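First the structure, in the form of structure tokens, and then the observations on it.
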Amino acid sequence: MSQQKSVFLETHNINNRATGLGTFNYELIKGMEQLSFDNLKIYLNSGKPNLLKNEFGDKFKYHQYRSFHRYKSFRPFGKYDLWHAVNQNTKIEPRTNTKYLLTIHDVNFVEEISKDMDHKRNCLFKEKLERATAITYISEFAKKQTHDYFKIPDVPEYIIYNGNPISTLLDTSNFVSKVPVDKPFFYTIGDFIERKNYIAIINMMKSVKDFNLIISGNDTKEYGAVIKKLIADNGLGNQVFLTGRVSDEGKQFYMKNCVAFLFPSIREGFGLPPIEAMSFGKPVFLSDKTSLPEIGGNAANYWTNFDPDYMKTVLFEGLNYHENNKIECQTLLKDRAASFNWKEAAAAYLKVYNDILY
């Protein structure tokens with residue numbers, strides 16, 4: 001066996017599973033656990049390493065994350081053969097020069113914060129690019145978006161799709177919903193940030209009378225207040241409901257029981273929730289923006305604009321087609337969801353590690 005090389009996975013936000021990045025970290029590690037990598041010592045970075053050790057045992061090594069590690073003079077001391085920055089936003093960097101793999105989910109910050117390339121946010125990202133030995137992207141769109149805004153160094157680039165976070169279907173029969181589920185309902189879940197575009201589907205609901213809309217996610221943020229005001233101002237309090245954050249059991253309950261899953265997001269580097277909904281054979285309605293057509297393929301329905309009447313028309317035409325071709329549509333949706341596999345994604349990352357190190 002070749003000499004073991006060490007890999008540091010910068011996964012410090014792994015415990016925040018309510019976000020896409022937290023889910024990515026956890027599912028990638030779960031995928032790796034199923035594989036053999038005797039030639040690598042993989043270190044997981046976490047504020048609660050014992051939680052990970054209890055779950056994954058001796059398969060990995062563990063590094064205790066402290067918040068001060070984000071400051072340059074307090075960076076982790078260890079010397080690693082390869083540092084994997086698992087997203088473009090991480091503030092934790094290696095103390096010493098080492099091989100460096102950068103995974104890019106999106107560069108939405110250019111469009112949402114500043115297009116000035118001298119802005120601090122863009123400069124921090126350019127430092128990562130300059131450090132990179134190789135780059136992985138989670139979608140073709142993420143690669144294109146990064147190339148559109150930044151000069152990419154001449155290093156190997158790979159596209160590795162995320163897997164489907166729903167690997168186990170949970171028993172949801174004892175789940176008690178805090179919001180009414182007595183009427184047929186549409187469902188969506190995600191972070192409460194402007195790009196999720198919940199406003200579009202709430203405006204559509206003004207003229208959709210026989211269905212409710214349920215939205216899950218951390219609605220205590222600023223955008224949550226905007227959404228709550230929109231619901232109240234339009235008298236939709238008995239039709240549009242916010243659950244706040246939900247457990248995996250709750251998420252699966254709503255996905256299993258909804259009529260359709262709606263995802264009008266205008267910026268996604270990937271978009272995990274539509275894949276989860278497709279696992280249940282549910283019709284999904286996505287915006288046609290950014291990476292979402294890569295995710296939904298020919299199994300999803302797409303909105304090309306957000307006019308409420310147009311959105312309603314697309315929704316009900318899609319529901320009608322699904323109802324009339326149910327078995328065929330459900331098979332297509334479940335097959336599409338199954339094509340995104342975390343074990344395969346993890347194997348692809350391990351191959352990149354080996355390409356870099358050996």
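These numbers come from a predicted model, not from an experiment.
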(message) E55 vs K30, test: salt bridge (Lys or Arg N to Asp or Glu O under 4.0 Å). Steps then yes/no.
(response) CA-CA 10 Å; E55 183 168 358; K30 261 179 46 177; 5.8 Å; no

(request) Check the pair D116, N122 against side-chain hydrogen bond (donor to acceptor under 3.5 Å, both in side chains), reporting the backbone distance first and the verdict last. (result) CA-CA 8 Å; D116 174 5; N122 296 330; over 6 Å; no

Above 12 or not: heavy atoms from other molecules or residues under 6.0 Å from [atom1] of [X]?
| X | atom1 | answer |
| --- | --- | --- |
| K79 | NZ | yes |
| K53 | NZ | no |
| N238 | CG | no |
| N97 | CG | no |
| K178 | NZ | no |
| K128 | NZ | yes |
| E249 | CD | yes |
| K151 | NZ | no |

(request) State plainly whether the residues R195 and E268 are in salt-bridge range, i.e. N to O under 4.0 Å. (result) no

(message) What I want to find out is whether R267 reaches D106 closely enough, with some N-O distance under 4.0 Å, to be called a salt bridge.
(response) no

Joint hydrophobic cluster, [X] plus [Y], side-chain heavy atoms closer than 4.5 Å:
| X | Y | result |
| --- | --- | --- |
| L51 | L21 | no |
| V246 | L170 | no |
| I199 | I193 | no |
| Y65 | V7 | no |

(request) Tell me yes or no: between the side chains of K221 and N218, is some donor less than 3.5 Å from an acceptor? (result) no

(request) Apply side chain to side chain contact (heavy atoms under 4.5 Å, CB included) to Q64 and list each qualifying residue two or more places apart in sequence or on a separate chain. (result)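 Partners of Q64 by the side chain to side chain contact (heavy atoms under 4.5 Å, CB included) criterion, ordered by chain and then number, come out as P49, R66.
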
[X] and [Y]: aromatic ring centres closer than 6.0 Å?
| X | Y | answer |
| --- | --- | --- |
| H119 | F109 | no |
| Y43 | F60 | no |
| F270 | H105 | no |

Heavy-atom pair with the smallest gap, counting every atom of [X] and [Y]:
| X | Y | value |
| --- | --- | --- |
| W303 | P264 | CZ3-CB, 4.1 Å |
| N164 | W342 | O-CD1, 3.3 Å |
| I275 | A337 | O-CB, 3.5 Å |
| R121 | I113 | CG-CD1, 4.0 Å |
| Y198 | D191 | OH-O, 3.5 Å |
| V86 | F24 | O-CE2, 3.7 Å |

Does the side chain of [Y] come within less than 4.5 Å of [X]'s, by heavy atoms?
| X | Y | answer |
| --- | --- | --- |
| I214 | T243 | yes |
| L40 | Q4 | no |
| L350 | I42 | yes |
| V259 | F185 | no |
| I138 | Y161 | no |
| F37 | N354 | no |
| E93 | R131 | yes |
| F280 | F261 | no |

Do the ring planes of [X] and [Y] sit parallel (below 30°), tilted (30 to 60°) or perpendicular (above 60°)?
| X | Y | value |
| --- | --- | --- |
| F175 | F253 | tilted |
| F8 | Y80 | tilted |
| Y26 | F56 | tilted |

(request) Mark yes or no: K326 above the aromatic ring of Y321, with NZ or CZ under 6.0 Å from the six-membered ring centre and no more than 45 degrees from the axis. (result)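 No, K326 and Y321 do not form such a contact.
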
(message) Taking the six-membered ring of F211 as reference, does the cationic atom of K183 (NZ for Lys, CZ for Arg) lie under 6.0 Å from its centre and within 45° of its axis?
(response) no

(request) Please determine which of N45, I29, I14, N25 meets the side-chain contact (heavy atoms from CB on, under 4.5 Å) test together with L9. (result) I29

(request) Using the side-chain hydrogen bond (donor to acceptor under 3.5 Å, both in side chains) rule, take Y100 and H84 through it: C-alpha gap first, then chi angles, then the decisive distance, then the call. (result) CA-CA 6 Å; Y100 187 93; H84 183 182; over 6 Å; no

Do side-chain atoms of [X] reach the backbone of [Y] as a donor and acceptor pair under 3.5 angstrom?
| X | Y | result |
| --- | --- | --- |
| K209 | K206 | yes |
| E10 | H12 | yes |
| K282 | C258 | yes |
| N325 | E328 | no |
| K251 | R245 | no |
| T136 | I159 | no |

(request) Dump the intermediate steps for side-chain hydrogen bond (donor to acceptor under 3.5 Å, both in side chains) on Q145 and Y137, then the final yes or no. (result) CA-CA 10 Å; Q145 187 192 35; Y137 304 91; over 6 Å; no

(request) Would you please name every residue forming a ring-ring contact (aromatic ring centres under 6.0 Å, His included) with F141, sequence neighbours left out? (result)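 For F141, no residue satisfies ring-ring contact (aromatic ring centres under 6.0 Å, His included) once neighbours in sequence are set aside.
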
(message) Please report the interatomic distance CD1(I92) to OG1(T11), rounded to the nearest 0.5 Å.
(response) 10.5 Å

